[in-house]
Amino acid sequence: MESKQGLKRTHGCGVLRSDHIGQKVVLMGWAQRCRDHGGLIFIDLRDRTGIVQTVFDPARVQEEFSKAESVRSEYVLAVTGKVEKRPEGTENPNLATGQVEVLATNIRILNTAKTPPFYIEDGVDVEENVRLKYRYLDLRRPEMQRALELKHKAAASAREFLNSRGFWEIETPMLTLSTPEGARDFLVPSRLNPGSFYALPQSPQLLKQLLMVSGIERYYQIVRCFRDEDLRADRQPEFTQIDLEMSFVDIDDVIELIENMIVSIYNATRTSNLDLKPPFPRLSYQEAIDRFGSDKPDIRFGLELVDFTDLAAHCGFNVFSKAAESGGQVKGINAKGCGSLSRREIEDLIAFAAVYKAKGLAYFTATGQGLKSPLTKFFTEEEQKTITERFKAEEGDLLLFVADRPSIVADALGALRLHLAGLIGLIPQDKLQFLWVVDFPLLEYDEGERRFSAMHHPFTSPRDEDLPMLKTDPASVRAKAYDLVLNGVEVGGGSIRIHRRDVQEQMFAAIGISPEEARQKFGFLLDAFEYGTPPHGGFAIGFDRLVMLLSGKKTIRDVIAFPKTQSAADLMSGAPNKVSAGQLRDLHIRIDLGGKLKENR
RNA sequence: GGAGCUGUAGUGUAGGGGUUUAACAUGCCGGCCUGUCACGCCGGAGAUCACGGGUUCAAAUCCCGUCAGCUCCGCCA
């Protein structure tokens, strides 16, 4: 192994082009591949800018040649040499640097490397746990570096955009207080206050509102948020938001700002040539649910839900009529061209729908001679014609129906819609379809707790005209809330906030927080509202999700340098781990696993 | 808390009660090779078949359990 001393890197490997021919360069990077022809050695050298071929000719570099012979994959090298045009016929069109090569005059082995558990290249076929255990190697792969670079550029352009719009970047504490409502908190014990705990922020919601009280007027922060809930492909226990808040604004002001910020980010990171122009389409919550069965619909394709409740009400098929009569719905979806699905495949669809609590799937097949189904006997010819028309059924189509409570109908058909679109191949992969969902209900009824809870969060303002209904008809109150959806993924959400103490108290009352609890947990906010709080509102973008979609990844883990597994573990470092008795003693904490002992990793 | 899929040399897979001394590819090691770029050719090493029980004369293979990873439901204002 040799020292780097005295050598200065002159170029990135990936930047060399024909223009550089004749130049003497010093490159530093990793050995991608070595091709030893006995009398001639090629070493592909890689750094974060790309790959270039270096050549070792024994006639020109005698003692260096034996060093080159000893090079293995992922050795760290400094190569000095001259950029030359490749001999006629040996150019490599698959390499950006393929017109040239570096004829080495000197090589220093800066470090050796064990054989990596997987190749450092794009599209590796390895189990994710291996990638996660050796994350530092996984991140060496060009596609991972591109994702992290894209994320960096997105953050930089968001900052630039918000700065230009008069926003100030202000930090808020990570050690903050636990409040009721919302996700489960990550807790941090306070050594100086035995028995008390900080909570890591689920978002800086209250603090940014208080910054509005402070007259900051425009705040933003690219900030880590923590929620101790179960993980998914697009959910990590810690994730990053572009969080912002502004005073003296209405819904349209925030939406305009976010649309332009998104376009700036897209332009700074563009990987495709889409025409992304505001305004983005808007859909009311109710329309989204009615047409797509989801409050974050993917509108890149059709396959919309069709209401059938009116016809179902007086048909002879009990499942349908009962659902329709008891306040439920009967809705369906036209699976274009799925009429040829086998019995077995339809059973699979039924099992799929069952996950969302649908008790079954009724179906009709459209044929040249009308509808075919065990259910046709329950419908007159006239009614069957109506079905055909309403579903725009053509020969070879499959109509699938769910009859149940509206929420189950929406969930099951909404999920089925996405599933079928994937099967049929209806989803355009290279499209970025943004969509606003607006007019959310302020509250939703929690069957389990038998009370209303905030759909967005308890600081969301009701629409002015709906305010009186907060006491009389809470379910009908609409919120000044808006979600940003991209390709069926919720990538952001925000609202105009409550800025009056009396309204905030009404809101707490509506969701069953007693005046005492409100004063105890949110007293500082209520007090603040009495000192001249401006009307204000804001937004938060799920930054990892946005970057995931912009970079075409299927999971948020692929755009987070060191993500956690589904059981919230870090396979590389071993976190979370056990701590010493002394540490626990300092914190006055005693562990009671109640028999739930998990082996130490 | 629940459902499904997965776990076999470093990596990716095959083998689904005894013809297995566990196969193939790639990687790795050694040799040969002056225009390769997934270099090529020859040779070699490398596996307590995730872990723990059980059934059996015999288990990588069948059964039960555990653990881990992924996807999803619940959960995530």
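Numbers restart at 1 for each chain; the letters A, B, ... are given by sequence-line order, proteins then strands. Bear in mind that the values here come from a model prediction, so they are computed numbers and not experimental data.
- At the heavy-atom level, A/R557 lies under 4.0 Å from the strands shown only through sugar-phosphate atoms.
- On a pure distance criterion of 3.5 Å, a polar donor-acceptor pair joins the side chain of A/D230 and the base of B/rG74.
- Between the P atoms of B/rU56 and B/rC42, the separation comes to 49 Å (whole Å).
- Going from the C1' atom of B/rC64 to that of B/rA59 covers 15 Å, rounded to whole Å.
- A donor-acceptor contact under 3.5 Å is not formed by the side chain of A/R33 with the base of B/rC37.
- Applying the 90° cutoff around 0 to the glycosidic angle, B/rG4 is assigned anti.
- Contact annotation for A/E127: backbone-only contact, meaning every heavy-atom pair under 4.0 Å involves sugar-phosphate atoms and none involves a base.
- Nucleotides B/rG1 and B/rU8, compared at atom C1', are 32 Å apart to the nearest Å.
- Base pairing of B/rU66 is made with B/rA50, judged by Watson-Crick or G-U wobble geometry with both donor-acceptor distances under 3.5 Å.
- In this structure, A/R72 reaches the B/rG30 phosphate: one of its side-chain N or O atoms is under 4.0 Å from OP1 or OP2.
- Counting any heavy atom pair closer than 4.0 Å across all strands shown, A/Y356 reaches sugar-phosphate atoms only and no base atom.
- Not one side-chain nitrogen or oxygen of A/T115 sits closer than 4.0 Å to the OP1 or OP2 atom of B/rC28.
- Residue-level contact check: A/E91 touches the bases, meaning some heavy atom is under 4.0 Å from a base atom.
- A donor-acceptor contact under 3.5 Å links the side chain of A/N92 to the base of B/rC37.
- If you take atom C1' in B/rC73 and the same atom in B/rA9, they sit 38 Å apart, rounded to whole Å.
- Side-chain atoms of A/K521 and A/E181, non-hydrogen and from C-beta on, never get closer than 4.5 Å to each other.
- For B/rA59, there is no paired base (Watson-Crick or G-U wobble, both distances below 3.5 Å).
- Side chain of A/K357, nearest nucleotide from B/rC72, B/rG74, B/rU34: B/rG74.
- Nucleotides B/rG15 and B/rC24 place their P atoms 15 Å apart, quoted to the nearest Å.
- Residue A/Q566 is classed as a base contact, given a heavy-atom separation below 4.0 Å to a base.
- When the C1' atom is compared between B/rA25 and B/rU61, the two are found 23 Å apart, to the nearest whole Å.
- For A/K67, the NZ atom counts as densely surrounded, since its 6.0 Å shell holds more than 12 non-hydrogen atoms of other residues, nucleotides or ligands.
- The residue A/P117 sits close only to the backbone: its heavy atoms come under 4.0 Å of sugar-phosphate atoms, none of a base.
- Judged by atom type and distance alone, A/E229 does not reach the base of B/rG74 through any side-chain donor-acceptor pair under 3.5 Å.
- Atom P of B/rA60 sits at a distance of 16 Å from the matching atom of B/rU55, rounded to the whole Å.
- The existence of a salt bridge linking A/D404 and A/K357 is excluded, since no basic side-chain nitrogen approaches an acidic carboxylate oxygen closer than 4.0 Å.
- Among the atoms of the strands shown, base atoms are found under 4.0 Å from some heavy atom of A/R232.
- Using a cutoff of 4.0 Å between basic side-chain nitrogens and carboxylate oxygens, A/K564 and A/E128 are not scored as salt-bridged.
- Side-chain contact between A/Y356 and A/L413 is absent, with no heavy-atom pair separated by less than 4.5 Å.
- A salt bridge between A/R35 and A/D44 is present, with a side-chain N of the basic residue lying under 4.0 Å from a carboxylate O of the acidic one.
- Using a 30° and 60° split on the angle between ring planes, A/F508 and A/F522 fall in the parallel class, below 30°.
- Within 4.0 Å (heavy atoms only), A/F42 reaches at least one base atom of the nucleic acid.
- Side-chain proximity of A/R235 to the nucleotides B/rU36, B/rU34, B/rC75 is greatest for B/rC75.
- When heavy atoms are screened at a 4.0 angstrom cut-off, A/R86 is found touching base atoms of the nucleic acid.
- For the OP1/OP2 pair of B/rC39 and a distance below 4.0 Å, the side-chain nitrogens and oxygens of A/R35 include at least one atom meeting the criterion.
- Among the heavy atoms of the strands, none lies under 4.0 Å from A/T179.
- Using a 4.0 Å heavy-atom criterion, one finds that A/E101 contacts the bases of the nucleic acid, with or without backbone contacts as well.
- If you look at A/F459 and A/F529, their ring centroids are not closer than 6.0 Å.
- Using a 4.0 Å heavy-atom cutoff across all strands shown, A/D36 reaches at least one base atom of the nucleic acid.
- A/R227 contributes no side-chain N or O that forms a donor-acceptor pair with the base of B/rC75 under 3.5 Å.
- For B/rA68, neither phosphate oxygen OP1 nor OP2 lies less than 4.0 angstrom from any side-chain nitrogen or oxygen of A/T565.
- Rounded to the nearest Å, the gap between the C1' atom of B/rG7 and that of B/rU66 is 14 Å.
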